[in-house]
Novice: 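Below is a structure I'd like to ask you about.
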Amino acid sequence: MTTEAATVPAAARARAAELRGVVDHHARQYHVLDAPEITDAEYDRLFRELLELETRYPGLQTPDSPTQRVGGAPLESFTKVRHRTPMLSLNNAFSAEEVRDFVRRVERGTDGAVDSYVCELKIDGLAMSLTYSDGEYVRAATRGNGVEGEDVTANVRTIRSVPMKLRSPDGPLPRVFEVRGEVYLPKAAFAALNARLEEAGKPTYANPRNAAAGAVRQLDPTVTAKRGLQTFMYHLDPPGTARTQDEVLSALDTAGFRVNPHRRVTHSLEEILAFLDEWGERRHDLDYETDGVVIKVAALGQQAELGTISRSPRWAIAYKFPPEEKETVVLDIPVFVGRTGAVTPVAMLEPVFVAGSTVRRCTLHNEDEVARKDVRIGDTVVLHKAGDVIPEIVRVIPEKRPRRTKRWAPPQHCPACNSELVREPGEAVRRCLNPLCPAQRVERLLHFASRGAMNIEGLGPAVIEQLVEHGFVTEAADLFGVTKEQLLTLEGFADRSAEKLVQSIEQRKRVPLPRLITALGMRHVGDHTAEVLAQHFGTLDALAAATSEELLAVEGIGEVVARDVAAWLQSDEGREVLANLRRAGVEAEHTERASGPLSGQTWVLTGTLDSMTRPEAEDRIRALGGNPGSSVSRKTHTVVAGASPGSKLEKARRLGVRVLEEDAFLAALEELEKQR
Ligand code: IVH
């Protein structure tokens, strides 16, 4: 009997090896260096070719193949592994004085011989130890209790910046070593994950670190793969030929690990303090959370000399930034009615500047949360930002509470329509169940028109509120019947702006199916679920006819979502919404991406165009196979600059991305459209 491997033709084997190298190279350019050399489409093509080869000849599959990054089979549980040497923790310093004391201790311990310290950002992530042997990734383990951690090899393999093969296996790194660092979730990925969880009615994560830990500890690696984890590595054990911490970092960088660029070799207490000051401010501009600076004696020989006491090295200290907490006063606690009728208490605050921006209000999530924190109107509270992003009340300062305040009580009736609010068993929120509630109506319409849904430009809260108030619009389909004359009776409209809005509404009668599904605003259906449903059902009619069993059979759709989506589709209101949209001429475009001369290219618009609306420009780009993007990076093919362009233009210039002004853009579109 031949083995599986022996049946693979030599040419396929060679091609697979070649593809693994090429795909790895480009993945690194993209994920580690932020400097892609090929388009996403080209990358996908190479990746798919490798995947096809491996599917045809399973013998070709290797654990270090880039195809394995999407996650393997789920685990039953994690096994324990012992670290090569214990993973230490650091002593903390909370002030310049404590940093000075640290420097003095170090100088005493080395007879004043230390002249360099490396300052590194302290990444607020999850400590991780990766083992490499002969240049290959073999294992990943969490810190655990420092001596023993959990084996998370399969999950960490899905993190794109973790190299499966080192770039310079014969470099200065030892043959077998552990490299340590942080796995973290970027702020944006954290905010997006929490938004998805909130939408699905699931508990959210308090900060990116917890979210990263949650992602790493998934038993199913395919879930980890989707969370968008990132890494920074900073420690090497044993250190090979490196003599200083800065050499360690350079060696890791050269070997292909992601190393934080914001590090500095300093030579005095003053230089150290200057670094702390600088990053105390600049940290809010980063796309990840840092809670301090780690100061390390640079020379590894001196580190050894200083040694370790009770699990903390004497040669390093973690300076913690003062927590970004501010006091402010709660002016009021109104409740807001969302599009699903859920009523959310919100604290209106005396404006306060915290972690990089002014905060005026913050959600209190639900009545249990208000009760738990006992937040009352008039209270002085401590405010911070979860994950540096989401404002949150940490606690009330009871000493500052004015006399005779009352506990906050949730309203019993909807502030918008006065119908009774109902809290269903097992739910944290109270809801207004009146489908005709004007507040829900406005929120539903706002959601319908929003960027993530139908993306109708110019249809913001002020306009929608007036449209509803005047009785011109009660549900989504009515938007498509709004006339210029009606708009002219509203505040803030002139001839041209009214005409523009009517046009931009008209243009959005045809949108991609996932957008239309998102726009319906069904409970638990955000853009991700909408995409899944669109992929599966293909048309709105097919989706509308789906039973809850059929929905449950769709991969990625759980019981709760299946039940709620089916309930919505089969309800009288749901059927009516769909029928009315159909009657208004709204229909979904085919979901397949058009292929054409702009395939694989991302074009980003900035500023306003005279000749067309932004959605129209985006649709034309899409029709030519292009991808209208929202932010500029090196991968952006072209930036189209209209009147009063924003920072995207600056960024394009800085990155050397091609810029077209409106005339040139129009000429290019017409030329390409002619060729089709
Ligand atoms: S050095 C012996 N460097 O902060 C070496 N740690 O409270 C110890 N951390 O356990 C770690 N960024 O999980 C080091 N640039 C950095 C770090 C860092 C984050 C974490 C790490 C450590 C904890 C200390």
Side-chain angles (χ1 to χ4, degrees), residues 83-94 98-99 102 106 117-130 140-150 152 156 161 177-186 207-210 212-213 216-217 229-239 242 244-253 257-266 272 275-276 279-280 282-283 286-321 323 387-388:
H83 300 299
R84 201 185 156 273
T85 57
M87 286 179 79
L88 304 175
S89 58
L90 298 178
N91 287 320
N92 291 325
F94 295 98
E98 290 179 18
V99 174
F102 161 72
V106 164
Y117 294 87
V118 178
C119 293
E120 297 169 23
L121 295 183
K122 183 169 175 330
I123 308 304
D124 198 9
L126 192 70
M128 187 66 61
S129 185
L130 312 176
T142 61
R143 176 218 295 278
N145 61 13
V147 177
E148 237 183 21
E150 284 179 320
V152 288
V156 169
S161 60
F177 64 87
E178 282 188 33
V179 56
R180 293 174 183 172
E182 301 290 299
V183 170
Y184 69 92
L185 200 62
N207 54 50
R209 183 157 40 83
N210 292 355
V216 166
R217 298 198 71 262
L229 291 168
Q230 255 302 7
T231 56
F232 281 126
M233 306 314 283
Y234 49 70
H235 189 78
L236 180 59
D237 177 28
T244 61
Q245 170 65 7
D246 34 315
E247 284 178 15
V248 165
L249 296 175
S250 306
L252 293 179
D253 189 14
F257 294 100
R258 197 156 176 270
V259 176
N260 193 289
H262 306 300
R263 56 187 196 252
R264 190 179 297 161
V265 180
T266 57
I272 294 174
F275 187 86
L276 305 185
W279 283 99
R282 283 182 68 189
R283 67 192 176 115
L286 298 170
D287 80 342
Y288 48 88
E289 254 207 297
T290 152
D291 56 345
V293 171
V294 181
I295 304 149
K296 303 176 181 175
V297 168
L300 302 185
Q302 288 176 330
Q303 289 186 359
E305 199 181 319
L306 284 158
T308 295
I309 33 167
S310 62
R311 297 253 211 117
S312 302
R314 279 206 198 82
W315 47 265
I317 198 154
Y319 168 78
K320 292 290 206 70
F321 292 125
D388 223 32

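When reading the values below, keep in mind they use all heavy atoms of this one structure, side chains included, and skip hydrogens, waters and symmetry mates. Counting starts at 1 for both ligands and their atoms, following the listed order.
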Novice: For ligand 1, indicate whether the residue Arg143 contacts it via side chain, backbone, both or neither (heavy-atom separation under 4.0 Å).
Specialist: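 Side chain only.
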Novice: Heavy atoms only: give me the nearest Ser161-Gln230 pair and the separation to one decimal.
Specialist: OG-OE1, 2.7 Å
Novice: What atoms of ligand 1 come closer than 4.0 angstrom to any heavy atom of Ala127?
Specialist: 13 (O)
Novice: Looking only at distances, can you tell me whether any N or O atom of Leu121, backbone or side chain, sits closer than 3.5 Å to an N or O atom of ligand 1?
Specialist: yes
Novice: Hey, does the Lys NZ or Arg CZ of Arg283 hover above the aromatic six-ring of Trp279, less than 6.0 Å from the centre and inside 45° of the axis?
Specialist: no
Novice: Check Glu120 against ligand 1 and report side chain, backbone, both or neither, counting heavy atoms closer than 4.0 Å.
Specialist: side chain
Novice: Examine Ile123 against ligand 1 and note whether any of their N/O atoms are separated by less than 3.5 Å.
Specialist: yes
Novice: Is there side-chain contact between Phe275 and Tyr319, with heavy atoms separated by less than 4.5 Å?
Specialist: no
Novice: Does the side chain of Tyr184 come within less than 4.5 Å of Arg209's, by heavy atoms?
Specialist: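 When only atoms from C-beta onward are counted, Tyr184 and Arg209 do not touch, as no gap falls below 4.5 Å.
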Novice: At under 4.0 Å between heavy atoms, which part of Lys296 makes contact with ligand 1: side chain, backbone, both or neither?
Specialist: side chain
Novice: Nearest non-hydrogen atom to atom 14 (C) of ligand 1 belongs to which of Phe232, Tyr234, Tyr184?
Specialist: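 Nearest heavy atom to atom 14 (C) of ligand 1 lies in Tyr234.
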Novice: Could you give the distance from CZ (Arg217) to CG (Leu126), rounded to the nearest 0.5 Å?
Specialist: 9.5 Å
Novice: Provide, to 0.1 Å, the distance between atom 8 (C) of ligand 1 and the closest protein heavy atom, together with that atom's residue and name.
Specialist: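 Protein heavy atom at minimum distance: Leu90 CD2, 3.7 Å.
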Novice: Ser89 versus ligand 1: do any nitrogen or oxygen atoms come within less than 3.5 Å of each other?
Specialist: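 Ser89 vs ligand 1: no N/O contact under 3.5 Å.
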Novice: For the residue pair Glu182 and Tyr234, confirm or rule out a side-chain donor-acceptor distance under 3.5 Å.
Specialist: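 On atom types as modelled, these side chains qualify, holding a pair under 3.5 Å.
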Novice: Assess the side chains of Glu120 and Gln245: does a donor N or O sit below 3.5 Å from an acceptor N or O?
Specialist: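 Present: a donor and an acceptor within the cut-off.
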Novice: Could you identify the single nearest non-hydrogen protein atom to atom 20 (C) of ligand 1 and state the distance to 0.1 Å?
Specialist: Glu182 OE2, 3.2 Å
Novice: Around atom 4 (O) of ligand 1, find the nearest protein heavy atom and jot down its residue, atom name and distance.
Specialist: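 Here the closest protein heavy atom is Lys122 NZ, 3.2 Å.
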Novice: Going by the atom numbers of ligand 1, which of them fall below 4.0 Å from some non-hydrogen atom of Trp315?
Specialist: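 Those of ligand 1 that fall under 4.0 Å from Trp315 are 2 (C).
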Novice: Atom NZ of Lys320 and atom NZ of Lys122: how far apart are they, to the nearest 0.5 Å?
Specialist: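 Rounded to the nearest 0.5 Å, the NZ-NZ separation comes to 5.0 Å.
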